Structures are given as C-alpha cells and as structure tokens.
Amino acid sequence: AETLDFASFAVGRLDPPLPFVPEQRFDLIYAFSVFTHLPEPLQRAWLAEMVERLRRGGLLLLSTHGDALLDDLDEAERARYLAGELVVRQPSVAGTNVCAAYHPPPALQRLLPSALEIVAHRPEGALGNPPQDLWVLRRVETVG
C-alpha cells in the first residue's frame, strides 16, 4: 500500500460494514475469493453493503466457484448446482476455507440487489488456484 498512495486499503471483518467512514464511496470494490467462503445471508449482507459503498456507476469485481469445480461436488450438491441453486458447504465456519460456496450463474443473479447490473461474466476468468468465475458488476441506481 505504500507504493499505491492513490488508493485506500483496509481489512474488513466477517460481517458488514466496511471499515471506512459511512459517507465514503468508491469507484471500485474488489472481492476475490470472498463470496466463495460465505453462506447466503452473509453474501446478501455484503452485497447490500457494497451497493451502499459504491458510487453510481462504480464497479464491483468478484469471483465465484463455478462450473470448473463441478467435480468437487457430491451427487446431491451437483444436482442442486445444475438446477441453478447456490450450494454452500459448512456455513457454520463462514469466512474460512472450510466453508465453500458454489455459484451457478442463475444463483448469483438471484442474489444481486436491483442496484447492480452484470457487465461481464467470464467463466474461469479469475485465474488462480482453483480457477474461479469472474464477475464485473456496476451500480446503476442510487440507494435510499
């Protein structure tokens, strides 16, 4: 962060809000491999917080576990995933690598607040270990 003096950085907690002053708004929020370790209620809470913190037209970049990880799911989980449902393992340990969330595109679309529109979805577009889907979302309306 010392060499990126044009940007602000902070480490958050498991529950919202973000650790910034309430009036502060951002052009970009990046959440790589965050939603992949949260149960649905926390995902909804964080999406609402991020909408609140984004400026109109601001972007939210996030990654999700997608089709690339279908082989990691057991038969029942795979059936739910293929039916378009969010699959969350071990939600009681949210925020850890033990908690794992898998997002087929329809499930993520249902989670999104109306103030966010999908700009792009790239399956396996967030390179890493494991490969994750990359989503680019834009805040399109004002809040409140």
Side-chain angles (χ1 to χ4, degrees), residues 1-4 6-55 58-141 143-144:
E2 293 173 8
T3 59
L4 301 174
F6 61 87
S8 298
F9 300 90
V11 176
R13 303 179 321 244
L14 185 57
D15 294 307
L18 289 168
F20 297 99
V21 294
E23 303 78 32
Q24 198 166 10
R25 299 290 177 268
F26 300 93
D27 295 315
L28 173 70
I29 298 175
Y30 180 81
F32 183 79
S33 203
V34 173
F35 288 82
T36 55
H37 301 289
L38 298 176
E40 185 173 343
L42 277 173
Q43 290 184 38
R44 288 186 183 281
W46 275 112
L47 284 166
E49 170 69 7
M50 291 176 183
V51 165
E52 179 68 28
R53 294 306 184 101
L54 279 171
R55 287 188 178 101
L59 298 176
L60 169 59
L61 274 64
L62 60 90
S63 66
T64 58
H65 290 149
D67 290 356
L69 298 176
L70 268 175
D71 289 343
D72 291 354
L73 302 176
D74 66 30
E75 187 176 331
E77 292 168 332
R78 190 175 306 111
R80 288 181 29 231
Y81 178 95
L82 292 172
E85 296 178 33
L86 175 67
V87 175
V88 180
R89 289 181 171 169
Q90 302 292 324
S92 63
V93 287
T96 71
N97 286 342
V98 176
C99 177
Y102 301 83
H103 297 79
L108 184 71
Q109 291 166 357
R110 282 191 299 275
L111 282 171
L112 294 180
S114 62
L116 289 174
E117 72 174 356
I118 298 170
V119 175
H121 170 227
R122 298 289 183 263
E124 299 184 51
L127 302 179
N129 184 21
Q132 296 182 16
D133 288 6
L134 178 65
W135 296 86
V136 180
L137 311 168
R138 179 185 302 121
R139 180 176 164 181
V140 293
E141 59 185 62
V143 176

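In this text the structure is predicted, and so the values were computed from the model without any measurement. Every heavy atom of this structure was used, including side-chain atoms; hydrogens, water molecules and symmetry mates were not.
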**Report entry** Side-chain heavy atoms of P17 within contact of P22, under 4.5 Å
**Finding:** no
Query - Heavy-atom closest contact (V21 atom, R53 atom, distance) - result: O-NH1, 3.3 Å
Query raised in the report: Is the number of heavy atoms from other residues, nucleotides or ligands within 6.0 Å of CZ (R122) greater than 12?
Result: no
Query raised in the report: With side chains defined as the heavy atoms from C-beta onward, is the minimum distance between V87 and R78 less than 4.5 Å?
Result: no
Query raised in the report: Just by distance, do the side chain of Q43 and the backbone of L38 share a donor-acceptor pair under 3.5 Å?
Result: yes
Query raised in the report: What are the two closest non-hydrogen atoms of P113 and A48, and how far apart are they?
Result: CG-N, 4.5 Å
Query raised in the report: Hey, does W46 have a side-chain heavy atom less than 4.5 Å from the side chain of L14?
Result: no
Requested in this report: Please check if the side chain of R89 supplies one atom and the backbone of A100 the other of a donor-acceptor pair under 3.5 Å.
Outcome: no
Report summary line: Exactly one candidate in I29, L59, L62 meets side chain to side chain contact (heavy atoms under 4.5 Å, CB included) with L137; the answer is L62
Report summary line: Interatomic distance, CZ@R13 vs CG@L18, rounded to 0.5 Å, equals 9.5 Å
Requested in this report: Any chance you could measure W135, atom CH2, to L112, atom CG, to the nearest 0.5 Å?
Outcome: 7.5 Å
Query raised in the report: Could you give the distance from CG (N97) to OG1 (T36), rounded to the nearest 0.5 Å?
Result: 8.0 Å
Report summary line: Shortest non-hydrogen pair, S63 vs S33, comes out as OG-N, 2.7 Å
Query raised in the report: Heavy atoms, side chains only, cut-off 4.5 Å: are D133 and L108 in contact?
Result: no
Query raised in the report: Looking at residues at least two apart in the chain, or sitting in another chain, which of them share a salt bridge (Lys or Arg N to Asp or Glu O under 4.0 Å) with E124?
Result: none
Query - Neighbour count above 12 (heavy atom, 6.0 Å) for E75 CD - result: no
**Report entry** Heavy-atom closest pair, residues Y81 and H103
**Finding:** CE1-C, 3.6 Å
Query raised in the report: Can you say whether the rings of Y102 and H65 are parallel (under 30°), tilted (30 to 60°) or perpendicular (over 60°)?
Result: tilted
Query raised in the report: Is the closest basic N to carboxylate O distance between E52 and R25 below 4.0 Å?
Result: yes
Query raised in the report: Once you round to the nearest 0.5 Å, how far does CZ of R138 lie from CG of L116?
Result: 11.0 Å
Query raised in the report: Who pairs with E40 by side chain to side chain donor-acceptor pair (under 3.5 Å), at least two apart in sequence or on another chain?
Result: R44
Report task. Step by step, work out the side chain to side chain contact (heavy atoms under 4.5 Å, CB included) result for H37 and T96. Result -> CA-CA 6 Å; H37 301 289; T96 71; over 6 Å; no
Query raised in the report: If every non-hydrogen atom of V88 is compared with every non-hydrogen atom of R80, which pair is closest and at what distance?
Result: N-NH2, 4.3 Å
Query raised in the report: Can you name the salt bridge (Lys or Arg N to Asp or Glu O under 4.0 Å) partners of R55, sequence neighbours left out?
Result: D27
**Report entry** Point-to-point distance, once rounded to the nearest 0.5 Å, from OH of Y30 to CG of L60
**Finding:** 11.5 Å
Report summary line: For A115 and V51, the nearest pair of non-hydrogen atoms, with its separation, is CB-CG1, 3.6 Å
